[in-house]
Colleague: 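Here you go, one structure.
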Amino acid sequence: MHLAYPAVLAVLLFCTGLYGVLARRNAILVLMSVELMLNAVNLNLVAFDVWLRDTLHAGQALTLFTITVAAAEIGIGLAIVLLVYRNRGSSDIDRLRDLAERPDGADAEATKRQPDTEAEATA
């Protein structure tokens with residue numbers, strides 16, 4: 001097997017995931033794109049492990065660790081996204097500029113900028 005085939009596939013997967021992270025606004029789709037990028041890395045690890053004929057199979061062992069970390073990351077990430085959705089009513093990343101809770105009835109447009117100095121407050 002040539003190394004070029006899985007390497008090109010991994011590059012395509014990684015670029016698709018990178019586009020998803022940069023272009024998407026939904027937090028769930030961003031998490032899915034990050035998982036796609038991690039799977040591209042896993043594909044490269046296994047392909048290079050087979051190509052180098054490593055007797056310890058270090059690439060495959062590292063892939064198992066990467067899969068474990070990715071599973072933990074997606075579990076925590078989904079929990080955070082669900083809590084944000086429950087509190088804010090949206091999982092849109094552009095609307096989640098800050099994680100501070102606002103008092104009930106206060107919109108982002110309704111809150112005004114506080115003056116920096118006393119001169120601005122009196123003017």
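As a basis for the values below, the full set of heavy atoms in this structure was taken, side chains included, without hydrogen atoms, waters or symmetry mates. Sequential numbering from 1 along the given sequence is applied to the chain's residues.
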Colleague: Shortest non-hydrogen contact from Ser91 to Tyr85?
Modeller: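 Distance-wise, the nearest heavy atoms are N-CD1, 3.8 Å.
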Colleague: Under a 4.0 Å threshold between the charged nitrogen and the carboxylate oxygen, would Arg25 count as salt-bridged to Asp94?
Modeller: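 Result for this pair is yes, salt bridge flagged.
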Colleague: First locate atom CZ of Arg88, then atom CG of Leu83, and finally report the distance between them rounded to the nearest 0.5 Å.
Modeller: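 Spacing of CZ (Arg88) from CG (Leu83) equals 12.5 Å.
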Colleague: Once side-chain hydrogen bond (donor to acceptor under 3.5 Å, both in side chains) is applied, do any residues pair with Gln60, and if so which ones, sequence neighbours excluded?
Modeller: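 With neighbours one apart ignored, the set is Asp49.
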Colleague: Give, for atom CZ of Phe14 and atom CG of Leu36, the distance between the pair rounded to the nearest 0.5 Å.
Modeller: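 Going from the CZ atom of Phe14 to the CG atom of Leu36 covers 10.0 Å.
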Colleague: According to a 4.5 Å side-chain heavy-atom criterion applied to Ile, Leu, Val, Met, Phe, Trp and Tyr, with indirect links allowed, do Val50 and Leu56 form part of one hydrophobic cluster?
Modeller: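 No, Val50 and Leu56 fall in different hydrophobic clusters.
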Colleague: Roughly how far, to the nearest 0.5 Å, is CG of Asn42 from CG of Leu13?
Modeller: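 Going from the CG atom of Leu13 to the CG atom of Asn42 covers 10.5 Å.
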Colleague: Starting from Ile28, can I reach Ile74 by hopping between I/L/V/M/F/W/Y residues whose side chains sit under 4.5 Å apart?
Modeller: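 As far as the 4.5 Å side-chain criterion goes, Ile28 and Ile74 are connected within one cluster.
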Colleague: Find the distance between CG (Leu38) and OG (Ser33) and round it off to the nearest 0.5 Å.
Modeller: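 Result: 11.0 Å between the selected atoms.
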Colleague: Quick one: are Val34 and Val21 in side-chain contact, heavy atoms under 4.5 Å?
Modeller: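 Val34 reaches Val21 side chain to side chain.
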Colleague: Could you grab the distance from atom OG1 of Thr63 to atom NE2 of His57, nearest 0.5 Å is fine?
Modeller: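 If we round to the nearest 0.5 Å, Thr63:OG1 and His57:NE2 are 12.0 Å apart.
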Colleague: Considering non-hydrogen atoms only, spot the tightest contact between Val30 and Gly20 and give its length.
Modeller: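 Smallest heavy-atom distance, with atoms named: CG2-O, 4.3 Å.
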Colleague: So which residues get pulled into Leu12's cluster when ILVMFWY side chains under 4.5 Å apart are joined, directly or through others?
Modeller: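 Grouped by the 4.5 Å side-chain rule, Val8 form the rest of the cluster around Leu12.
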Colleague: What's the shortest heavy-atom distance between Leu43 and Ala10, and which atoms?
Modeller: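 Taking every non-hydrogen atom into account, CD2-N, 3.8 Å.
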Colleague: To the nearest 0.5 Å, what is the distance between CG on Leu31 and CZ on Arg24?
Modeller: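 Those atoms lie 13.5 Å apart.
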Colleague: Please name the pair of heavy atoms, one in Leu64 and one in Thr68, separated by the smallest distance, quoted to 0.1 Å.
Modeller: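 Shortest heavy-atom separation between Leu64 and Thr68 comes out as O-OG1, 2.9 Å.
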Colleague: Quick one: do Leu52 and Leu3 end up in the same hydrophobic cluster if we chain Ile, Leu, Val, Met, Phe, Trp and Tyr together by side-chain heavy atoms under 4.5 Å apart?
Modeller: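 Yes, Leu52 and Leu3 fall within the same hydrophobic cluster.
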